[in-house]
Structure formats: C-alpha cells, structure tokens
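Take a look at the structure below.
Note: hydrogens, waters and symmetry copies are ignored here, and every other heavy atom, side chains too, is used.
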Amino acid sequence: MADLVTSRSGALGHILLNRPTAMNALNDEMVAGVTATLDAWRLDAEIATVVVSGAGDRGLCAGGDVVGMYRSALLDGVGAAEFWRAEYAMNLVIAEYPKPYVALMDGVVLGGGVGISAHGSVRVVTERTRLGMPEVVIGYTPDVGVDFLLARAPGELGTHAALTGNTMSGSDAIALGLADHFVPSERLPDLVAALESELPDAALPRFAQQPPPSALAVDREWIDAAYAGDDPIAIVEHLTASPVAAAREAAATILSRSPTSVAVTLAALRRARGLTLEEVLDQDLRLGLRFLAGHDLVEGIRAQVIDKDRNPRWSPASLAEVSRADVESYFE
C-alpha cells in the first residue's frame, strides 16, 4: 500500500497521506512525493485546486517519524537532517503555492502535520481537530516554520502553545491564525466533491460554520500578562503566582518539559518576529542539528516513545541551570 496517494477529479488534485496505522506520520517518501506532486500540478492547467487530507479516522498527520529521528540521533544524525531539509523545503513550497491549497485539518494534527497544513492558503478545521506542536515534550523545539505563525498569533497565545506543547481545538487554531474555516467533519466529503468544479472561495460559504468559542481566546488576558518578555523563569513565576488555576497548571506543564527546549523555544519565537518564513525554516534546521547533538532529544523520545516510562531525565534538569550562553549556542 502506497504511503502517499494522489488522484485527480475535475479541477481538483487530491493528495492523501496514507499511513492510517501510524496516524499518517510523514516519512521521506511522502515528503518527496508531496513536493513532486505540487511541482507537477503547479503547471497543470487542468488542476485549479489542491486538497490535502489524511487516511483513516484518527487525523490528518501526527508529524514526522520520531522513532527514525531517535535512531538517526544515536547513529550520526545524517538521516534526520536530510529529512528535515526536504520537509522544510516542502513547507516553503506549500506556503508559496500559486493555486488554492486546501488542508483538511481533521482529527490529530501535530508537528509536521501542522507544517503540511497551516502554511496552506485554505485551512479547514473541524470539531474533531486536535492540533499542537508538542516538541518540548520530547526535548526538541517547534519546527516546520510554525514559529513564523506562532510569533504572529494574537498577543502571547503562540508563546503559550509553544512552551506548553499542549494540543488545541479547531476553534483555538482559528484564534491563533493557524486555520481559517470551521467545517463539520461530516461535511468534508461534500466539500471535496464541490471543489472538483468550484474554487474554494465559491464552495466554502456553503459548508463553513461559525466555530465554537475558543478556550484560549477566553484565557487571553492572563496568557498575555504571563508570557510577555524573554525570560522563561519569569514567565513560570508569573504563571505560578496567578490566581487563575489554568495559569498555575500551565506553569506545572512547562516545568515538566525539557528546560533546554523551553528556553530555546522562547528565544526562537522572539527571533521569528523579525524573520521571513524562509529564514525561520533555516533557523529550524540550525536548531534541529544542535538538538540532534545534545542530550534531551534522545532522552525525551526514549521516555515518551521507546521505553514509554514518561519519566525523562533532562540535562540540565531545571530552567535555572540553562544559561543564556547555552541558549545562544543553539543559534550559532
């Protein structure tokens, strides 16, 4: 069974991520296939719109192959680096694509799944959407150019999402600027059928609905207050001292993540405010290579995916032990 299935019907080209038992996690062949397909359809006059969706009922895409990343890091890191280079090039192709690129962000959309969808021109979420960049959970940092988007989210919503690594709803994704339209999941097949003969601007008004309220948008007052600034320790202190229970929970969550990941991620987000997407993707690769050579990425994947003991032993073990020089070294 092919991991990537492409088809065409009428004016629609359809890219299906087809690894349902792996929640459509991306591998080298899928990334190369998406890039080649988009390049071919770019000049195809019969293709007016491209749709990207995931096979099965679990979600669009759970990200990249973290087990492969783990093995690569233990070896020499070359395989992971080559995958990231190809993936980030694909993300830029998606962002600059001249035709409507419709991403159906139904179900689980994590990590690389955000990269293959949120850079598109038409981003559709549903009531089943569970979107997130959970990299700090495994001792890594949000990549695939998502810092470019999170740095431009309203207030500090993007900072909260990146430092906690928590998943969010489709409504939250719209509030952060990571998605555009809310369509009930049961209507997605009808939307795809309509796109065979209509452009998204004409078809979507018949299917899109007002999204439910965003929980993150409701919490924006304490989020904006707590996450302002460039010091992760001050952010945690502000959250811990908050009278809002959700803020104190966020503090506890951040303290459970890799301290190095949290500190580097905050610095990367702040830098991303003044960078283009291409520059952010270049920064992502630079950071990724540093994490490959470090301790926490291997340890985080071991704890979460390999041994599944959920007890990572981070080094350094606390934010206080992560110096500014340590953080700066990741950007050299």
Is R19 reaching over with its side chain to a backbone N or O of A25, donor-acceptor style, under 3.5 angstrom? yes
Y330: which residues meet the ring pair (Phe, Tyr, Trp, His ring centres under 6.0 Å) condition with it, sequence neighbours left out? F291
Would you please test T260 and H295 for side-chain contact (heavy atoms from CB on, under 4.5 Å) and show each step? CA-CA 10 Å; T260 299; H295 168 274; over 6 Å; no
Pairwise side-chain contact, L38 with I15, heavy-atom cut-off 4.5 Å (strictly under): yes
More than 12 heavy atoms of other residues, nucleotides or ligands under 6.0 Å from CD of E127: is that the case? yes
Tell me yes or no: between the side chains of T126 and R187, is some donor less than 3.5 Å from an acceptor? no
Between Y227 and W222, how do the two ring planes meet: parallel, tilted or perpendicular, split at 30° and 60°? tilted
Nearest heavy-atom contact between G139 and S258 is CA-CB, 3.6 Å
For residues 298-305, which side-chain donor-acceptor pairs fall under 3.5 Å, sequence neighbours excluded?
from	atom 1	to	atom 2	distance (Å)
E299	OE1	R302	NE	2.9
E299	OE2	R302	NE	3.4
E299	OE2	R302	NH2	2.9
E299	OE2	R313	N	2.8
R302	NH1	D307	OD2	2.9
R302	NH1	D309	OD2	2.6
R302	NH2	D309	OD2	3.3

Looking only at atom types and distance, does a side-chain atom of D296 sit under 3.5 Å from a main-chain N or O of S315, one as donor and one as acceptor? yes
Hey, which of R130, R58, R128, R123 is the one that makes salt bridge (charged side-chain N to carboxylate O under 4.0 Å, His left out) with D106? R128
When the ring planes of Y88 and W84 are compared, do they come out parallel, tilted or perpendicular, using 30° and 60° as the limits? parallel
Using a 3.5 Å distance criterion without hydrogens, assess whether the side chain of D172 forms a donor-acceptor pair with backbone atoms of S169. yes
Give a yes or no on whether the backbone of T141 and the side-chain of S261 come within a donor-acceptor separation of less than 3.5 Å. no
So, applying side-chain contact (heavy atoms from CB on, under 4.5 Å) with M105, which one of V125, V124, V52, D180 is it? V125
When you check the side-chain N and O atoms of D326 and S329, is any donor under 3.5 Å from an acceptor? no
If you count the non-hydrogen atoms of other residues, nucleotides and ligands that lie under 6.0 Å from CZ in R324, is the total more than 12? no
Salt bridge check: are R271 and E328 linked by an N-O gap of less than 4.0 Å? yes
Step-by-step side-chain contact (heavy atoms from CB on, under 4.5 Å) determination, R257 to V137: CA-CA 5 Å; R257 308 315 193 198; V137 179; 3.5 Å; yes
CZ of R71: more than 12 outside heavy atoms within 6.0 angstrom? no
Any side-chain heavy-atom pair of L17 and M30 under 4.5 Å: yes
Using a strict 4.0 Å threshold on nitrogen-to-oxygen distance, state whether R270 and E156 make a salt bridge. yes
Please name all residues satisfying side-chain contact (heavy atoms from CB on, under 4.5 Å) with A162, sequence neighbours left out, ordered by chain then number. P142, L150, T265, L269
Side-chain touch E321/P259, heavy atoms, less than 4.5 angstrom: no
